[in-house]
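The structure under discussion appears below in the form of structure tokens.
The figures here come from the full heavy-atom set of this structure, side chains too, leaving out hydrogens, waters and symmetry mates. Every chain is numbered from 1, with letters handed out A, B, ... down the list of sequences.
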Amino acid sequence: MPEGPSIVFLKNKLQRFKGQTVSEASGYSEMDKSAIDHIKIMDIETYGKNLFFVFKDFFVGVHLGLFGSMLVNKRKKVNASFALHFPHSEINFYVAKTHLYQGKPSDHFNFKTDILKKEYDGEFVLKSIREDHTEEMIGDVLLDQKLFTGVGNIIRIESLYRAKIHPDSLVKDIPEKKLVYLIETVVNYAYEFLDFLKNDEVKEKALIYEKKICPKDKTELIAEEMGKVHRKTYVCPKCQKLYS
DNA sequence: TCCAATGTTTCGCC
DNA sequence: GGGCGAAACATTGG
């Protein structure tokens, strides 16, 4: 179950499939799979919460949504929504949405906003939110995949706590230095998240996500939906400042 | 058994 | 058209 780092984690597991030739694609997803037939996987990439299988003239995007999962050389009882078969192995996706794109990923997506890509450009993100999203709450902005590609609810909550910013603060009210620090924190935490995945300890290493009290001063946390995004948000009312 | 959840799209209704 | 809310999704874990 996926935020950006979980997808990178999956991509890393699939490295040996680069250069391999797909013998068949299957699954109940509506995407036309007829072009994926005895062709070579040129590359496997990510963009935020999307996993891409790159072929010569097109690529396939896989999105796991909230319930999706991937198995290599194993199957669940239910049918896969998408699967790639090889002579001696297979990759199966469950409850995944797929989309076939012409061209290459960089034709369609701006890598500067992807928190886990080499091309990530924090200054570009800062500029974008200070130009066009000043009236929005930072808690909402963080989930905007066009601005913070790959950020999910856990990264959002944990980053705001670490940066000591209340999610209901409007972008225009947050000092620039604080925004810069938040943007750095998001990226640093995303890499920590990726590391935690190796030992399946994302939740136990979280500071306030799904917790009751602030680890710093034992203040009772607030846990409710905030902003426009209907997602449960955890906040320490003492540590996190509401800028206004 | 029930409920919520690391997500996004679609649909119906103003 | 836009904005908003609810539903949907071959799920899963507490």
Side-chain angles (χ1 to χ4, degrees), chain A residues 1-13 26-31 33 46-52 60-71 74-83 90-101 108-109 113-116 132-133 135-137 139-162 167 185-212 221-235:
Chain A
M1 288 158 234
E3 299 198 13
S6 307
I7 306 305
V8 172
F9 187 72
L10 294 183
K11 182 198 78 170
N12 291 343
K13 284 213 271 194
S26 64
Y28 65 79
S29 77
E30 287 176 17
M31 180 185 70
K33 293 173 269 292
T46 63
Y47 179 68
K49 299 166 192 171
N50 299 279
L51 182 65
F52 295 145
V60 173
V62 180
H63 197 295
L64 298 184
L66 192 53
F67 307 140
S69 58
M70 180 188 92
L71 290 177
K74 275 180 257 171
R75 289 187 188 185
K76 298 195 176 196
K77 285 184 183 148
V78 294
N79 293 320
S81 56
F82 181 62
E90 63 186 20
I91 308 169
N92 295 304
F93 293 97
Y94 299 91
V95 204
K97 282 241 183 292
T98 54
H99 193 270
L100 195 147
Y101 302 85
H108 296 259
F109 302 100
T113 59
D114 187 326
I115 54 170
L116 288 164
D132 299 323
H133 301 272
E135 301 293 329
E136 293 172 45
M137 290 184 260
D140 289 339
V141 171
L142 276 170
L143 280 183
D144 187 332
Q145 297 300 298
K146 288 217 163 76
L147 298 167
F148 289 95
T149 311
V151 170
N153 207 26
I154 298 178
I155 295 177
R156 172 177 88 107
I157 288 165
E158 291 289 314
S159 302
L160 285 168
Y161 174 73
R162 283 162 172 74
T185 302
V186 166
V187 173
N188 291 339
Y189 178 68
Y191 282 102
E192 269 185 65
F193 191 126
L194 180 56
D195 213 41
F196 294 155
L197 284 168
K198 291 174 193 154
N199 300 310
D200 192 24
E201 55 189 11
V202 172
K203 287 195 178 181
E204 70 181 80
K205 295 277 185 165
L207 298 180
I208 63 167
Y209 179 77
E210 290 187 330
K211 303 290 191 292
K212 294 269 185 240
L221 298 172
I222 299 166
E224 57 187 42
E225 288 186 3
M226 297 177 194
K228 288 191 182 176
V229 201
H230 292 175
R231 303 297 295 276
K232 190 185 269 189
T233 311
Y234 294 79
V235 176

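In this structure a side-chain-to-backbone donor-acceptor pair under 3.5 Å is present from A:Lys33 to A:Gly27. A donor-acceptor pair under 3.5 Å is absent between the side-chain atoms of A:Glu3 and the main chain of A:Lys49, judged by distance alone. Between the side chain of A:Asp140 and the backbone N or O of A:Lys228 there is at least one donor-acceptor pair closer than 3.5 Å. A:Glu158 places a side-chain N or O within 3.5 Å of a backbone atom of A:Tyr209 that can act as its donor or acceptor partner. Using modelled atom types, one side-chain atom of A:Gln145 and one backbone atom of A:Leu143 make a donor-acceptor pair closer than 3.5 Å. With hydrogens and angles ignored, the 3.5 Å screen pairs a side-chain donor or acceptor of A:Arg156 with a backbone N or O of A:Gly139. Distance alone, capped at 3.5 Å, is enough to place a donor-acceptor pair between the A:Asp114 side chain and the A:Gly48 backbone.
Within 4.0 Å (heavy atoms only), A:Lys77 reaches no atom of the nucleic acid at all. In this structure, A:Tyr94 reaches neither bases nor backbone, as no heavy-atom distance under 4.0 Å exists between it and the strands shown.
Counting to the nearest Å, the P atom of B:dA5 and the CD atom of A:Glu224 are 13 Å from each other. Regarding A:Ile208, its CD1 atom lies at a distance of 13 Å from the P atom of B:dT6, rounded to whole Å. Following rounding to the nearest Å, A:Met70 (CE) and B:dT6 (C1') show an atom-to-atom distance of 16 Å. Rounded to whole angstrom, the span from the CD atom of A:Glu3 across to the C1' atom of B:dT8 amounts to 14 Å. Nucleotide B:dT6 holds its P atom 12 Å from the OH atom of A:Tyr189, rounded to whole Å. Between A:Leu51 atom CG and B:dT8 atom C1' the separation is 17 Å, expressed in whole Å. Across the protein-nucleic acid pair, A:Leu64 atom CG and B:dT8 atom P stand 11 Å apart, rounded to whole Å. Rounded to whole angstrom, the span from the CD atom of A:Glu210 across to the C1' atom of B:dA5 amounts to 8 Å.
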Secondary-structure notation, DNA chain C, from Watson-Crick and G-U pairs under 3.5 angstrom (| other strand) = .||||||||.||||
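Under 4.0 angstrom from either OP1 or OP2 of B:dA5 there lies at least one side-chain N or O belonging to A:Lys232. Side-chain nitrogen and oxygen atoms of A:Lys49 include at least one within less than 4.0 Å of the OP1 or OP2 phosphate oxygen of B:dT8.
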Test side chain to side chain contact (heavy atoms under 4.5 Å, CB included) applied to A:Leu160 and A:Leu142, step by step = CA-CA 9 Å; A:Leu160 285 168; A:Leu142 276 170; 3.6 Å; yes
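One P atom belongs to B:dC3, the other to C:dA7, and the distance between them is 14 Å to the nearest Å. If you take atom P in C:dT12 and the same atom in B:dT9, they sit 22 Å apart, rounded to whole Å.
Contacts with DNA chain B (heavy atom under 4.0 Å) in residues 145-156 of chain A: A:Gln145, A:Gly152, A:Asn153, A:Ile154, listed by number.
No donor-acceptor contact under 3.5 angstrom links the side chains of A:Tyr161 and A:Thr185, judged on distance only.
In this structure B:dA5 sits in the anti conformation; its chi angle is more than 90° from 0.
The nucleotide range of DNA chain C contacted by chain A, defined by atoms under 4.0 angstrom from heavy atoms of the protein and reported 5' to 3', is C:dC4 to C:dT12.
Taking a 6.0 Å sphere around CD of A:Glu225, one finds it holds more than 12 heavy atoms contributed by other residues, nucleotides or ligands.
Residues A:His99 and A:Asn50 are not in side-chain contact: their nearest non-hydrogen atoms beyond the backbone lie 4.5 Å or more apart.
Using cut-offs of 30° and 60° for the angle between ring planes, the A:Tyr101 and A:Phe109 rings count as perpendicular.
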